[in-house]
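Here is the structure we will look at, set down as C-alpha cells.
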2 protein chains.
Amino acid sequence: MSAMKKQMQQLKALADETRLRLLALLLSAGELCVCDLTATLQLPQSTVSRHLAYLKGAGWVIDRRVGVWIYYSISTDNALQHDIAEVLRARLPEIPAIADDIRRLASFSEGASCA
Amino acid sequence: MSAMKKQMQQLKALADETRLRLLALLLSAGELCVCDLTATLQLPQSTVSRHLAYLKGAGWVIDRRVGVWIYYSISTDNALQHDIAEVLRARLPEIPAIADDIRRLASFSEGASCA
DNA sequence: ACATTATATCCGGATATCCGAATATGTCAA
DNA sequence: TTGACATATTCGGATATCCGGATATAATGT
C-alpha cells in the first residue's frame, strides 16, 4: 500500500467518535480488554469489536490474547502516527466527554468489569 | 456545539485525501489563492472550493479576499488542532505524494498560476 | 453596461461508512 | 463433550460523504 493510502487509513480511523473514545481510553490506561471498553463506553459488544478491528487494521492498536480475554494497547507504525498519538494522549482528556469516559473506566478498575 | 462535536468535525476534515493535500500545501506555503491550489492539485475548481469550504467550517483555514482572489491560510481554533497542525507541518512532507504537490506548487511560484 | 476572470454553491447520482442483532469462533472448566 | 463466557464476524439496511458539471455570485477593467 502506498504511504499516502496508509496514512489516509490512519487518519480516517480518527474520524469516528467511538474510535476516538476507544483510543483515548487506551492512551490513558495502557492496556484494556474488550469487556472493559464495552462496559466503559456502554455500547454493544459488536460495535466495540468492529471498531477495534478497524483500529488494528490501521495500525493504531495491537492485541494480545490472555486466555479468554483479548487485551488491546496502542501501537504506532510511523512518525506521523506516533506524533499524533502523543498529541491525542495530551489533549483528548481536555474534552469533557473523554474525561467522563476515563473517570468511568477508573471506577471499574478495582474489580474487573467482566467478572 | 459541544467540544466533542467540534473536535470530531476537525478530525473528520483530515479524513479525505484532497483536504489533506490542501492543508499540506497551506502549511508549507503560508497563504495561497484558490487558483494556485487548483492548478497544483489538478482537480476541478468546484472540488477544491468545496473542500476549502469544509476546512473553513472546521476551523482549519481562514480566507481573505484581495480583489478577485481569495487567499486561504491555516488557522487553529484550539490546542488539539494547533498541536496536530504542527505535527502535520513536520510530517506530511515525508509522504511522497505530498512532497510532489509541494514541488509542483514551487514550480508555479514564479508566475502566478492564474494569470 | 458588458465581458472576463475568480470563486462559491447547487444538486443528483455513486460510493462509503456505520449500526447492531444474529451468528460464528475460540478458550476454559467441569 | 458440554456449557459458559469473551470476542469476532456477517449482513442488510440506514445514513453520510464525495464527485463534478452546471450555474450563481462577486470583483475588475473597458
Side-chain angles (χ1 to χ4, degrees), chain A residues 1 4-5 8-23 25-26 31-58 60-73 105 108 111-115, chain B residues 1 4-5 8-23 25-26 31-58 60-73 105 108 111-115:
Chain A
M1 175 155 35
M4 180 60 114
K5 287 263 185 299
M8 284 314 305
Q9 186 187 14
Q10 294 173 349
L11 290 174
K12 279 178 202 283
L14 305 181
D16 176 273
E17 182 169 333
T18 300
R19 286 194 295 268
L20 199 68
R21 294 171 72 198
L22 287 168
L23 284 178
L25 289 171
L26 292 169
E31 194 178 43
L32 294 167
C33 65
V34 181
C35 53
D36 291 327
L37 295 164
T38 302
T40 302
L41 298 189
Q42 303 180 116
L43 288 171
Q45 176 263 323
S46 69
T47 294
V48 172
S49 269
R50 179 164 35 77
H51 284 298
L52 285 170
Y54 192 121
L55 290 172
K56 184 177 166 185
W60 278 108
V61 300
I62 53 177
D63 60 342
R64 178 172 74 95
R65 180 181 277 276
V66 177
V68 195
W69 297 279
I70 299 187
Y71 286 91
Y72 282 84
S73 55
L105 172 66
F108 291 151
S113 49
C114 32
Chain B
M1 175 154 35
M4 179 60 114
K5 288 264 186 300
M8 285 313 305
Q9 186 187 14
Q10 296 173 348
L11 291 174
K12 279 178 201 285
L14 305 181
D16 176 273
E17 182 170 333
T18 299
R19 288 195 294 269
L20 199 69
R21 293 172 71 196
L22 287 168
L23 284 178
L25 289 172
L26 292 168
E31 193 177 44
L32 294 167
C33 66
V34 181
C35 53
D36 290 328
L37 295 164
T38 303
T40 303
L41 298 189
Q42 304 181 116
L43 289 171
Q45 176 264 322
S46 70
T47 295
V48 172
S49 270
R50 178 165 34 80
H51 284 297
L52 285 170
Y54 192 122
L55 289 171
K56 184 177 166 185
W60 278 109
V61 300
I62 54 177
D63 59 343
R64 177 172 76 96
R65 180 182 278 276
V66 177
V68 197
W69 297 278
I70 300 186
Y71 286 90
Y72 281 85
S73 54
L105 172 66
F108 291 152
S113 48
C114 32

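Proteins come first, then strands; the chains are lettered A, B, ... in the order of their sequence lines, and each starts at number 1.
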What's the [atom1]-[atom2] distance between [X] and [N], to the nearest Å?
{"X": "B/His51", "N": "D/dT17", "atom1": "NE2", "atom2": "P", "result": "12 Å"}
{"X": "A/Leu11", "N": "C/dA16", "atom1": "CG", "atom2": "P", "result": "19 Å"}
{"X": "A/Lys12", "N": "C/dT17", "atom1": "NZ", "atom2": "P", "result": "6 Å"}
{"X": "B/Tyr54", "N": "D/dA16", "atom1": "OH", "atom2": "P", "result": "12 Å"}
{"X": "A/Trp69", "N": "D/dA4", "atom1": "CH2", "atom2": "C1'", "result": "12 Å"}
{"X": "B/Leu52", "N": "C/dT9", "atom1": "CG", "atom2": "P", "result": "11 Å"}
{"X": "B/Asp63", "N": "C/dA8", "atom1": "CG", "atom2": "C1'", "result": "11 Å"}
{"X": "A/Leu41", "N": "C/dG20", "atom1": "CG", "atom2": "C1'", "result": "15 Å"}

For [X] against [Y], the heavy-atom pair lying closest together:
{"X": "B/Val68", "Y": "B/Arg65", "value": "O-NH1, 3.9 Å"}
{"X": "B/Leu43", "Y": "B/Thr38", "value": "O-CG2, 3.2 Å"}
{"X": "B/Tyr71", "Y": "B/Cys33", "value": "CD2-N, 3.7 Å"}

Would you please confirm or rule out a distance under 4.0 Å between OP1 or OP2 of [N] and any side-chain N or O of [X]?
{"X": "B/Arg50", "N": "D/dC19", "answer": "yes"}
{"X": "A/Arg65", "N": "D/dT7", "answer": "no"}
{"X": "A/Tyr72", "N": "D/dA8", "answer": "yes"}
{"X": "B/Ser49", "N": "C/dA8", "answer": "yes"}
{"X": "A/Arg19", "N": "C/dC18", "answer": "yes"}
{"X": "A/Thr47", "N": "C/dC19", "answer": "no"}

Can you find an N or O donor on one side and an acceptor on the other, under 3.5 Å apart, linking the side chain of B/Gln45 with the base of C/dA8?
->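 When only heavy-atom distances are counted, B/Gln45 does reach the base of C/dA8 through a donor-acceptor pair under 3.5 Å.
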Toward the 5' end of DNA chain C, which comes first, B/Val68 or A/Val68, by nearest nucleotide?
->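 Final value for this comparison: B/Val68.
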Between D/dG20, D/dA8, D/dC19, which nucleotide gets closest to the side-chain atoms of A/Val34?
->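 Nucleotide nearest to A/Val34's side chain: D/dA8.
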Among C/dA21, D/dC19, D/dT7, find the nucleotide with the atom closest to the side chain of A/Ser46.
->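 So the nucleotide nearest the side chain must be C/dA21.
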Nearest 0.5 Å please: distance from the CD atom of B/Gln45 over to the CG atom of B/Leu37.
->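 Taking CD in B/Gln45 and CG in B/Leu37, the distance rounds to 11.5 Å.
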With distance as the sole test, does A/Arg64 use its side chain to make a donor-acceptor pair with the main-chain N or O of A/Ser73 at under 3.5 Å?
->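 The answer is no, because no donor-acceptor pair under 3.5 Å joins these two groups.
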